[in-house]
Amino acid sequence: MKVSTCSPRPVMLPSRIDSTGYQIDPYVGCEHYCYYCYALKDAETQWDKEIAIHADIEGQLRKELENLPPQRFYMGYFTDPYQPVEERMLQTRKVLEILLEHGSSVGFLTKSNLFLRDLDLLSQMDDAQASISVAFLDDSVRTALEHRTVPTSERIDALRAVKENGVHTSSLLCPIIPEINDVFALLDMLAPVAETIWLYRLSIEDPEGVNWRNLRDILARDFPDKLELIESAVLSREHPYWEELRQEVTALGDKQGLNLQIHI
Ligand code: SF4
């Protein structure tokens with residue numbers, strides 16, 4: 001993986017997540033390269049070959065934090081903070097060290113288990129929150145749709161480990177694709193380790209856009225008999241498949257007392 005330097009830009013941006021004021025993306029690009037990623041249409045590099053970093057993330061972040069009160073920042077909106085290149089480039093770890101010095105905290109979303117490495121920092125922060133994104137238990141489906149992610153069970157194991165050490169946890173079950181994910185098996189695995197579970201369906205806004213073109217090719221190749229149902233459902237929230245799933249998931253959540261945020 002080639003690592004280049006991105007053009008000058010802020011490290012912190014106003015957050016698109018309601019519960020935080022600012023978001024930080026330590027990388028530009030994401031080598032997980034999920035075909036359904038909403039950031040893919042704005043990719044500045046070919047994500048399976050090149051990822052960019054800030055020229056001096058530590059110096060720049062320290063300056064940007066001057067005059068800001070301690071608070072919780074969000075990581076994981078445009079890129080995964082724990083994508084494989086983090087193992088050697090340590091951009092996310094540097095951000096966590098600076099946020100800790102500042103008296104701040106972090107909430108992040110990842111498809112990796114690498115965050116377990118940073119438990120020493122997370123456990124010193126007030127209110128840190130680790131969140132994993134999961135969707136596919138079948139590894140052949142996972143690797144077809146999310147190139148370089150780690151297996152789902154490894155993400156869940158890492159979440160369990162940080163929870164046992166006092167870090168808040170949550171999970172995003174997304175994208176739900178009709179007859180592809182095993183939603184109920186995933187909920188069973190997540191229930192003991194995630195304080196909150198968000199569920200989102202695969203929603204395609206632009207049938208001609210890069211996400212659906214990529215996904216459609218893979219689904220047509222691997223699930224030709226399911227493509228018609230999938231296509232009609234992902235293009236319409238009103239499709240009966242979603243209403244049925246909403247009812248089943250709601251009933252399970254009520255029965256088991258789960259904290260589910262259902263956006264199917
Ligand atoms: S891990 Fe997240 S940011 Fe990275 S490619 Fe996948 S959806 Fe996009």
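If you're wondering where the values come from, they're calculated on a predicted model, not measured in any experiment. Just follow the structure's listing: the first ligand is 1, and inside any ligand the first atom is 1.
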Rounding to 0.5 Å, atoms CD (Glu97) and CD (Glu58) come to a distance of 7.0 Å

By ring-ring contact (aromatic ring centres under 6.0 Å, His included) - contacts of Tyr38 (at least two apart): Tyr77

In this structure, is the centre-to-centre distance between the rings of His147 and Tyr35 below 6.0 Å? yes

Taking only heavy atoms of the protein into account, state which residues are under 4.0 angstrom from an atom of ligand 1, in chain and number order. Cys30, His32, Tyr33, Cys34, Cys37, Trp47, Phe78, Thr79, Asp80, Lys111

Tyr74-Phe108 aromatic ring centre distance below 6.0 Å: no

Okay, side chain of Ser104, backbone of Leu100: is any donor-acceptor separation there less than 3.5 Å? no

Does any non-hydrogen side-chain atom of Tyr200 lie less than 4.5 Å from one of Ile262? no

